[in-house]
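Encoded as structure tokens, the structure appears first; notes follow it.
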2 protein chains.
Amino acid sequence: MDSIQTRIERSNNMIKIPTIRRLPRYLRVLQSLSSSGREFVSSETLASLLNIKPIVVRKDLAFTGISGKPRVGYSITHLISLIEGTINFKGKNTAFLAGAGNLGSALLGYNGFARHGLDIIAAFDVDPQKTDTTIHGKSIYPLERMPEIASRLNPYIGILCVPEESAQQVADIMIASGIKGIWNFSNKELNVPPDVVLQNEDLGAGLAILSIAIEKSSRP
Amino acid sequence: MDSIQTRIERSNNMIKIPTIRRLPRYLRVLQSLSSSGREFVSSETLASLLNIKPIVVRKDLAFTGISGKPRVGYSITHLISLIEGTINFKGKNTAFLAGAGNLGSALLGYNGFARHGLDIIAAFDVDPQKTDTTIHGKSIYPLERMPEIASRLNPYIGILCVPEESAQQVADIMIASGIKGIWNFSNKELNVPPDVVLQNEDLGAGLAILSIAIEKSSRP
DNA sequence: AAAATATTGATATAAAAATATCGATATGAT
DNA sequence: ATCATATCGATATTTTTATATCAATATTTT
Ligand SMILES: NC(=O)c1ccc[n+]([C@@H]2O[C@H](COP(=O)([O-])OP(=O)(O)OC[C@H]3O[C@@H](n4cnc5c(N)ncnc54)[C@H](O)[C@@H]3O)[C@@H](O)[C@H]2O)c1
Ligand SMILES: NC(=O)c1ccc[n+]([C@@H]2O[C@H](COP(=O)([O-])OP(=O)(O)OC[C@H]3O[C@@H](n4cnc5c(N)ncnc54)[C@H](O)[C@@H]3O)[C@@H](O)[C@H]2O)c1
């Protein structure tokens, strides 16, 4: 059992989930500021751009290891590279995508993930109409070839966009192929072994929050 | 200024964001249990299905107003209707979607949102190749017709799937059309007036969490 | 009918996250 | 050169969220 002190230190040093969630937002506004020629930015400015409090910004940025200058703020290029270093898994976010349907195709065609270090290196489907074609320039392979192709390309992430009924089965194939984490867009609750990371992307959650917030705001 | 007591009471009664995020997950497993003929479910069972702790389930469900029976659990059909009542804004989640591109088309074709009470009643784009056609059975109108069509159909939610450059401009049109909340899939930080609810859907956030979690788990 | 047991829900505690306060310091102004 | 000020970052506090404990109770077993 850890001592209280150990636990306090660890909890102070470990980056927090809400902080991680905000890092991509900082990154995007910083890149935009950078391309407009700016060199430094204050926590105040970043905060107003993201509609959050400056103190939250300073706490978040501290986790990346940056040190700001009083009266000046943070170096934008330095901050960009520190945030990229924090979230980019050392440039190794190679991914396989399974299920090149409506959602899967949209993700395949989206280049915004490159900014976050993601590289979808192959896609898989069971539909013979789709296999051995390309979608948005990405090759679609038959699902059964995933283990073989994985052994050559060594993907880190599996992006799951198959229907709920086949989600667990395809997840199992991804895991057998050596994938380290699954980004699950199907709304199926998956079982994965403890050494595989599972990130569920539940759009219904965002909708529920919006729906309840609207109801509250329109009934004061 | 509120008294401490008032603040405590309010914070005890108000549904919490993490709870709201889990409600759609409960709903989906409950619907699946229900269709397999089951009548009651315990917090223990729900917890193991969602990979969370039973105490979290009981706290969450308490917000819906349900009362479970010791030794039996919760009535599944009753729970489903209470959760639907909590997140469905009284069945009025009518929406307009702007930007019928890769992502927008995927959302238009997704019927899983119906389960959460969402009904996309019209879509809008500026691309003349797309306007006055239908995608997945939904009519695509020219963007400039949004205010006029809104005045007839009274949408509550605006789903924003346009490129970042035009996101603010289209959001403004949505707001002028009387929309109460914006579900923003563009990665643009938007400015909206205080009476309009903004829900940002940032897929990069999920990716960042996954990426950092993989890195941690593979370096123990 | 009484006892055993599974499960809820109230109350208490701990951990995580957000917010407030303020001294330290780098820069620009006087 | 000194002063004024904007801004960071350390420390403290509050709020939110998760977790633990256990008495109350509905059901099953004996
Ligand atoms: N479309 C959306 O906007 C949206 C939103 C939220 C969640 N989702 C979820 O994403 C998933 C996909 O949704 P969609 O709308 O793209 O559906 P879709 O039917 O358009 O696409 C599913 C694709 O998966 C393929 N597939 C089926 N079984 C497979 C298997 N065993 N292995 C590999 N590929 C297989 C199909 O051939 C198809 O191409 C679903 O689980 C859905 O719930 C979709
Ligand atoms: N595709 C994805 O997987 C994905 C993921 C995350 C976020 N996003 C975001 O979603 C948005 C759309 O992405 P996409 O991949 O669907 O792009 P896309 O280019 O495929 O689609 C954009 C659509 O918006 C239309 N459009 C452009 N300007 C418009 C305007 N002023 N009014 C109405 N419609 C307009 C275009 O004609 C096009 O149909 C972007 O902001 C992107 O960053 C996309």
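In the text below, chain A, chain B and the rest are named by the order of the sequence lines, each starting its count at 1.
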Hey, which of these two, A:D60 or B:K69, hits DNA chain C nearer its 5' end, going by closest nucleotide?
->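 Mapping each residue to its closest nucleotide by heavy atoms, the 5'-most match is B:K69.
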Taking the nucleotide of DNA chain C with the closest heavy atom to each, which residue, B:G73 or A:R71, is nearer the 5' end?
->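 In this pair, the answer is B:G73.
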Is any side-chain nitrogen or oxygen of [X] closer than 4.0 Å to OP1 or OP2 of [N]?
X: B:K16; N: D:dT16; answer: no
X: A:S43; N: D:dC8; answer: yes
X: B:Y74; N: C:dG9; answer: yes
X: B:S67; N: C:dG9; answer: yes

Gap between atoms [atom1] and [atom2], on [X] and [N] respectively (whole Å):
X: A:K59; N: D:dT13; atom1: NZ; atom2: C1'; answer: 11 Å
X: B:I55; N: D:dT21; atom1: CD1; atom2: P; answer: 11 Å
X: B:L79; N: C:dG9; atom1: CG; atom2: P; answer: 11 Å
X: A:K53; N: D:dC8; atom1: NZ; atom2: P; answer: 17 Å
X: B:L46; N: C:dA6; atom1: CG; atom2: P; answer: 19 Å
X: A:I66; N: D:dT7; atom1: CD1; atom2: P; answer: 16 Å
X: A:L61; N: D:dC8; atom1: CG; atom2: C1'; answer: 11 Å
X: A:E44; N: C:dA20; atom1: CD; atom2: C1'; answer: 15 Å

When all nucleic acid strands are considered with a 4.0 Å heavy-atom cut-off, which category describes A:R21: base, sugar-phosphate, or nothing?
-> nothing
Determine whether the aromatic ring centres of A:W183 and A:F96 lie less than 6.0 Å apart.
-> no
State whether a side-chain donor-acceptor pair under 3.5 Å links B:Y110 with A:N102.
-> no
Please determine, for the side chain of A:P70, which listed nucleotide (C:dA18, C:dG9, D:dT7) has the closest atom?
->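 The listed nucleotide nearest to A:P70's side chain is D:dT7.
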Please determine, for the side chain of B:R58, which listed nucleotide (D:dG9, C:dG9, D:dT7) has the closest atom?
-> C:dG9
Between B:D202 and A:R28, is the closest basic N to carboxylate O distance under 4.0 Å?
-> yes
Okay, side chain of A:S177, backbone of A:I173: is any donor-acceptor separation there less than 3.5 Å?
-> yes
Judged by atom type as modelled, is there a donor-acceptor pair below 3.5 Å linking the side chain of A:S211 to the main-chain atoms of B:I87?
-> yes
Taking a pair as Watson-Crick or G-U wobble with both distances under 3.5 Å, which nucleotide is matched to C:dA2?
-> D:dT29
